[in-house]
Amino acid sequence: MIKFHRIPITPGELSLDNVLQCGQAFRWIYHKDKSHYSTTMRFGNQYHILVMKQPDNTCVEFSVMGTANPDTAHVADHLKNYFRLEVPLDKLLRTEWAVRDSNFKMKLHRGVRLLSQDPWETLISYICSSNNNISRITKMCHSLCAQFGNKLGEHDGVEYYSFPTSDEIKERASEEKLRSLGFGYRAKFIMGTARKMVEDRRNLPDSQYLESWKDHLTYEQIRDKFMAFPGVGPKVADCVCLSGMQMDDVVPVDVHIARIAQRDYKFTLNKSKIEELQIQYSDLPVTRKKVNYELDLIRIMFKEKWGDFAGWAQGILFAQEVGKTSGATSEGMIKKRSLEVEIKVEVTDTLGQYQTVEEESIEYSVTGRPKRKSAKRDSYES
DNA sequence: CCCAGACCTCTAGA
DNA sequence: ATCTAGAGGTCTG
């Protein structure tokens, strides 16, 4: 039997359901029969199969499967970092956002946090996100691992793989293969990005190379370097900065956030500020070429309004906005996903307590390859 | 610099 | 069942 280890949480600071399914991470699998999530994750230079669940709002529990038994305290530390548990979400809401922003006074964070994900994996995942929906992005990320990563083990009929490195994508994948796997026009971007990465990173591992940018470059320079990869525009670059580089003040502006800016914040263009930006970016050729100045001003407005953790505030509004458009109740924010699992739809009562009110069953394929229905049932139905 | 279109597929909803 | 709009954008002309 799986032995779980407990990580205590300040009540309400983290909702595993909301964080893992809001469209920030794409490689967690929900097992409805056991009410837990599983994925693979790299701790240092070693990949592990990880299982997590949240019995209540005071803790999460984890278990590491397969391979050598890693040090539990070591894994716990990595997970505390992955979930950024040192960041006091509720305090930020009360003392930073709600006091400066009247639109935030009525908001609840619902345990939606920003993650500290692997930068390379985040980069490739968000390249897949362009003009795409969450369920397909999820499928593509799993497919990438199953086809080009390394197999780590198998549990409950699910095969687990590492996320492929730039070398592995360059050597094992091709635009043609990726297209046949359903990546569409993103196939060329992924191959181009992998090739450029192999070239740029020299002897460093992918993520270590990307993280090293933070040592000597500004945000604007880092974004410019991300945008030098094919398939990476300002929105994808900002997402990688925020969710993969721990750059908490970055606000990625997508269609939803742009709508919020106009609808709820009455955002209007300022011509002189655009000119300032054009000057500021004049020595950043890639940014100057790819950036949309109106969207970039929205990013800056939110950063000034929300402060050092502006990206976290964006995450909360985004999760709520997408929850609305995906047919969930305005109270909850769990959206339907393409997982053959049961997604719990949560609502919050006036005390901010979570209640499960509704469940629905949907479909999922782990490898991205067509799977037999009977096999899927065997794997997930209890 | 700004503005359209095009771009691959697939999923959700009608 | 079928069918169609639209999906956390980016690139090109």
Next on the checklist: Whether A:Lys53 engages the ring of A:Tyr37 as a cation-pi pair (distance to the six-membered ring centre under 6.0 angstrom, angle to the ring normal within 45°) should be assessed.
Outcome noted: no

Item to check | Lys/Arg cation over aromatic A:Trp97: A:Lys107, 6.0 Å, 45° cone | outcome: no

Item to check | side-chain N/O A:Lys139 vs B:dT11 OP1/OP2, d < 4.0 Å | outcome: yes

Starting at atom [atom1] of [X], determine the distance to atom [atom2] of [N], rounded to an integer number of angstrom.
X	N	atom1	atom2	answer
A:Asp296	C:dG9	CG	P	16 Å
A:Asn131	C:dG6	CG	P	12 Å
A:Arg259	C:dG9	CZ	P	10 Å
A:Leu178	B:dC10	CG	P	13 Å
A:Lys289	C:dT10	NZ	C1'	11 Å
A:Leu181	B:dC10	CG	P	10 Å
A:Phe226	C:dT10	CZ	C1'	17 Å

Students often get this wrong, so: under 4.0 angstrom with heavy atoms, is [X] touching a base, only sugar-phosphate, or nothing?
X	answer
A:Gln24	base
A:Val236	sugar-phosphate
A:Phe189	sugar-phosphate
A:Glu294	nothing
A:Arg186	base

Checklist entry - Can any side-chain N or O of A:Lys214 pair as donor or acceptor with the backbone N or O of A:Met245 at less than 3.5 Å? => result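 Flag set: sc A:Lys214 to bb A:Met245 pair under 3.5 Å.
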
Item to check | A:Asp167 and A:Lys170: CA distance, side-chain angles, deciding distance, salt bridge (charged side-chain N to carboxylate O under 4.0 Å, His left out) verdict | outcome: CA-CA 5 Å; A:Asp167 274 319; A:Lys170 185 188 169 190; 5.9 Å; no

Item to check | P spacing across the pair B:dC8 / C:dG13, given as an integer number of angstrom | outcome: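 That atom pair is separated by 14 Å.
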
Next on the checklist: Rounding to an integer number of angstrom, what distance separates B:dC3 and C:dG8 when you compare their P atoms?
Outcome noted: 24 Å

Checklist entry - A:Trp120 and side chain to side chain contact (heavy atoms under 4.5 Å, CB included): which partner among A:Ser125, A:Ser207, A:Pro205, A:Pro164? => result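 Among the candidates, only A:Ser207 passes.
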
Which listed nucleotide ([options]) is nearest to the side chain of [X]?
X	options	answer
A:Arg288	B:dC1, B:dC8, C:dG8	B:dC1
A:Lys235	B:dC1, B:dC7, C:dG8	C:dG8
A:Arg179	B:dC2, B:dC8, C:dG8	B:dC8

Checklist entry - Is it true that the side chains of A:Ser38 and A:Tyr30 contain a donor and an acceptor less than 3.5 Å apart? => result no

Item to check | Between A:Asp238 and A:Tyr219, a side-chain donor and acceptor under 3.5 Å | outcome: yes

Checklist outcome for this item: Secondary structure of DNA chain C per the Watson-Crick/G-U criterion (both distances under 3.5 Å; [ ] crossing, | other strand, . unpaired) is .||||||.|||||

Checklist entry - Hey, is A:Tyr126 stacking on C:dG8? Ring centres under 5.5 Å, planes under 30°. => result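 The base of C:dG8 is not stacked with A:Tyr126 (the test needs centres under 5.5 Å and planes under 30°).
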
Checklist entry - Any donor-acceptor pair under 3.5 Å between the side chain of A:Arg136 and the base of B:dT9? => result yes

Checklist entry - Quick one: does A:Tyr185 reach the base of C:dG9 with a side-chain donor-acceptor pair under 3.5 Å? => result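 Yes, a donor-acceptor pair under 3.5 Å.
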
Checklist entry - Going from CD on A:Glu159 to CG on A:Leu152, what distance comes out if it is rounded to the nearest 0.5 angstrom? => result 11.0 Å

Checklist outcome for this item: By nearest-nucleotide position on DNA chain B, the 5'-leaning member of A:Ser130 and A:Asn133 is A:Ser130

Item to check | Earlier contact from the 5' end, DNA chain C, for A:Gln314 and A:Phe229 | outcome: A:Gln314

